[in-house]
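Nothing here was measured: the structure is a model prediction, and the numbers come from that model. A note on names: the letters A, B, ... follow the listed sequences, proteins ahead of strands, and every chain is numbered from 1.
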Number of protein chains: 2
Amino acid sequence: MIPNKLLALGGEEIGARQTTQRSLILEYLRAQKTHPTAKQVYVGVQERLPGVSLSTVYRTLGWLRDEGEALELNGIDGLAHYDGDISDHGHFTCVRCQKIWDVELDLPQLDHRDFEGKTGFKVREQRLDLYGNCDSCGNKEDE
Amino acid sequence: MIPNKLLALGGEEIGARQTTQRSLILEYLRAQKTHPTAKQVYVGVQERLPGVSLSTVYRTLGWLRDEGEALELNGIDGLAHYDGDISDHGHFTCVRCQKIWDVELDLPQLDHRDFEGKTGFKVREQRLDLYGNCDSCGNKEDE
DNA sequence: AACTTATTAGGAATCATTCCCAAATGCAAA
DNA sequence: TTTGCATTTGGGAATGATTCCTAATAAGTT
């Protein structure tokens, strides 16, 4: 009933069990074009699994993030948003309605060796975020 | 006692009053190299103004953000961090200790006209964020 | 089928942030 | 410099996202 592939999260998993909740949450997340909050995932998954709990949604989303199967985005609404697309892309946030869209971008792979050399820090990921007004929000400024 | 310049926030202010709290909060924020949370600003300002309230700190930081005098960063700790440096720069977040540093970078001014044309969105700001491990956190992975 | 252990449901606890309002203060005009 | 009034503050309550806790349940193995 539950496709095994959905939880083929690398072979190094030890003791990770395949549950209906995990399968449906990941399936739901991957089907979204927007980037839902935990609450929104909860509501969406409830349609197929009415008894699911909010705790499980939070726990599972955190687990997917730790497994590298989902991105956790820090929205300007102060909430965590989740993105099931882990390919390299950027995000656009509308500062008015606060929705988040994907942005295909050709961000040049910046050379961080200079920064790393000066600081001793190690850069592992880079994210580009755009902010502005979306189509529906009428390109109005709020200043 | 309180330098006027600190609150010279553009001439278009109407009815904005210069208070000890506002002056000290902005002064404190600008003196920080790290990017403190509201609570940290509260603690820092308390040293000079013991009676200041947390409400006022939150209210004032939001006001500075709205006035364009401070940046509000969405930390991976889920908390809002504030940056009194409004010049164009990026940020590096250590995924282990969660501190945030400034990064001087020459992010090319990307051409968003293609994205804007396709979507009808209007890009007003772009931010580049780097994530990794800082010097003190020993360049260890946590996987 | 029985056993072992990871996982879940559900509610309580935590904690950042916002809201509310009476008291205090900045500032302008007299 | 005082007075008057609108803005701002302090502090505590309210809100809401996220985490924590634990007994019950379900996955996977023998």
Self-check item: is_close_aromatic(A/F92, B/F121), centroid dist under 6.0 Å
Solution: yes

Quiz item: Would a 4.5 Å heavy-atom cut-off, applied to side chains only, mark A/K99 and A/T34 as touching?
Solution: no

Quiz item: Can a side chain N or O of A/R22 be found less than 4.0 Å away from OP1 or OP2 on C/dT7?
Solution: yes

Quiz item: Rounded to whole angstroms, how far apart are CD on B/Q21 and C1' on D/dT7?
Solution: 12 Å

Quiz prompt | Presence of salt bridge, A/R22 and A/E27, under 4.0 angstrom | solution = no

Self-check item: Qualifying residue, where the test is side-chain contact (heavy atoms from CB on, under 4.5 Å) with B/H35 and the options are B/L73, B/L29, B/T93, B/D85
Solution: B/L73

Quiz item: Do B/D83 and B/H89 have side-chain heavy atoms sitting under 4.5 Å apart?
Solution: yes

Self-check item: Base C/dG10 paired with A/S55 side chain (donor-acceptor, <3.5 Å)
Solution: yes

Practice problem: Give, ordered by number, those residues of residues 39-51 of chain B having at least one heavy-atom distance below 4.0 Å to an atom of DNA chain D; if nothing qualifies, reply none. | Solution: B/G51

Exercise. Using only side-chain N and O atoms of A/R59, determine if any of them is under 4.0 Å from OP1 or OP2 of C/dT7.
Key: no

Quiz prompt | Short side-chain to backbone donor-acceptor contact, A/E116 and A/V123, under 3.5 Å | solution = yes

Quiz item: Does C/dT7 have OP1 or OP2 sitting under 4.0 Å from an N or O in the side chain of A/Q18?
Solution: no

Quiz item: Rounded to the nearest Å, what distance is computed from the CG atom of residue B/L61 to the C1' atom of nucleotide D/dT8?
Solution: 15 Å

Exercise. Determine: side-chain N/O of A/T19 to OP1/OP2 of C/dT8, distance under 4.0 Å, yes or no.
Key: yes

Self-check item: Rounded interatomic separation in angstrom, taking CG from A/D66 and P from C/dT7
Solution: 13 Å

Exercise. Report the distance from atom CG of B/L73 to atom C1' of C/dA16, rounded to the nearest whole Å.
Key: 17 Å

Quiz item: Between B/Y58 and B/Y42, is the ring centre distance below 6.0 Å?
Solution: no

Quiz item: Looking at D/dT8, C/dA16, C/dT7, which one has an atom nearest to any side-chain atom of B/L79?
Solution: C/dA16

Quiz item: Does the side chain of B/Y58 get closer than 4.0 angstrom to OP1 or OP2 of C/dT17 through an N or O atom?
Solution: yes

Practice problem: State which of C/dA16, D/dT18, D/dA27 makes the closest approach to the side chain of A/T20. | Solution: D/dA27

Quiz item: Of all the choices, D/dT18, C/dA9, D/dG10, which nucleotide is nearest to the side chain of B/V52 once you look at every atom?
Solution: D/dG10

Self-check item: Rounded distance in Å - CD1 (B/I25) to C1' (D/dT8)
Solution: 11 Å

Practice problem: Calculate the interatomic distance between A/I76 atom CD1 and C/dA16 atom C1'; express it in whole Å. | Solution: 18 Å

Self-check item: Atom-to-atom span, CD of B/E67 to P of D/dT8 - whole angstrom
Solution: 10 Å

Quiz item: For the residue pair A/V41 and A/I25, what are the closest heavy atoms and their distance?
Solution: CG1-CG2, 4.1 Å

Quiz item: Quick one: the side chain of B/R17 and the base of D/dT8, do they pair up donor-acceptor inside 3.5 Å?
Solution: no

Practice problem: Grab the CG-C1' distance between A/D77 and C/dT18 for me, whole Å please. | Solution: 15 Å

